[in-house]
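Not measured: the values here are computed from a predicted model. Numbering of ligands and ligand atoms starts at 1, following listing order. Heavy atoms only: backbone and side chains are in, while hydrogens, waters and symmetry mates are out.
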Amino acid sequence: MATPPRVFHDPALLRSEIRQAQADGKRVGLVPTMGALHPGHLSLVAESQKSCDLTVVTIFVNPTQFAPGEDFTKYPRTLDADLELLSEYDPVWVLVPEVDAMYPPGSTTEVKAPEIAEPLEGTFRPIHFDGVATIVLKLFQVAPADAAFFGQKDFQQVRVIQEMVRDLLVPIEIVRCPIVREADGLAMSSRNRYLSPEEREVALSISRSLNEAAQRIEAGDSNAEVLRDTIEQSLRSAGIGEIDYVSLACPRTLKPVETIEGDVVILVAAKVGTTRLIDNVLVSPPAS
Ligand code: PAF
């Protein structure tokens, strides 16, 4: 039976209730989101429920991670639908804070994201990860959970948060959960709803080309440059004009590799129409 989640607007109240739940012996999981929930987010809630007694979902479109000209104002806000989806996952608490509650007027302190934020997304969205690190640290303060669950689709974001937690001694376990895809392979994203039917077809070339490259690596191809060029060509011939990056990189350092000798992550960011999409795949070459 569906049970509406308990909704908090006051971060201080949420924190004291979480502390009480932990004092009562409950393990608490945290799923930070910007709302517009889809099955990818719900898979994080389901993963949290496997190991936690209570899951806290935060819904907050964080202004500081959007640069001027990005989609902050048009980012989908679908609170009623989000709460309805979460009502299938009892027990869930939801924090929906006002901007002033997360950024008290006059506040000037921010987190400088770790070095791992610099390549890839950092090249194209220079302020993005400082904003993400700042809000995620604040969310860890107001929702002092035992574990936090993030999706692999934002691979670099997970690495940024892992490094921040290590560097700033934040006592929370970071769990990376697999990408959830549509039946046709498109990685689920709140931004997919911006795509027209024609653009959606074009967007499929991203997961298709990642998949093909992964298969070639699994079959023994080890030349990263050739694979990179092949992915770029497939994207271009599908009609994608603006490719921010295609990178075959070490999953730990995110530095590009030349020869694939161990696990590799292939990351793509590209614009389909005006919608910027990211996707990635983690691949292991055959054992030598
Ligand atoms: O991945 C997201 O939705 C956001 O970057 C996050 C982690 C909720 C921070 O605003």
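- Sorted by first then second residue, the ring pair (Phe, Tyr, Trp, His ring centres under 6.0 Å) pairs that include residues 14-65, not counting sequence neighbours, are His38-His41.
- Listed by number with element, the atoms of ligand 1 under 4.0 Å from a non-hydrogen atom of Gln157 are 1 (O), 2 (C), 4 (C), 5 (O), 7 (C).
- Contacts of Thr33 with ligand 1, taken as heavy-atom pairs under 4.0 Å, involve the backbone alone.
- Salt-bridge check for Arg276 with Asp244: passed, with a basic side-chain N closer than 4.0 Å to an acidic carboxylate O.
- Taking the side chain to side chain contact (heavy atoms under 4.5 Å, CB included) definition, one finds that Gln152 meets it with Phe155, Arg176, Ile179, Asn280, Leu282, sequence neighbours left out.
- With no hydrogens or angles considered, a side-chain donor-acceptor pair links Asn62 and Tyr103 at under 3.5 Å.
- Considering Met34, Lys138, Gln65, His41 only, the shortest heavy-atom separation from atom 9 (C) of ligand 1 involves Gln65.
- Those atoms of ligand 1 with a heavy atom of Ile135 less than 4.0 angstrom away are 9 (C), 10 (O).
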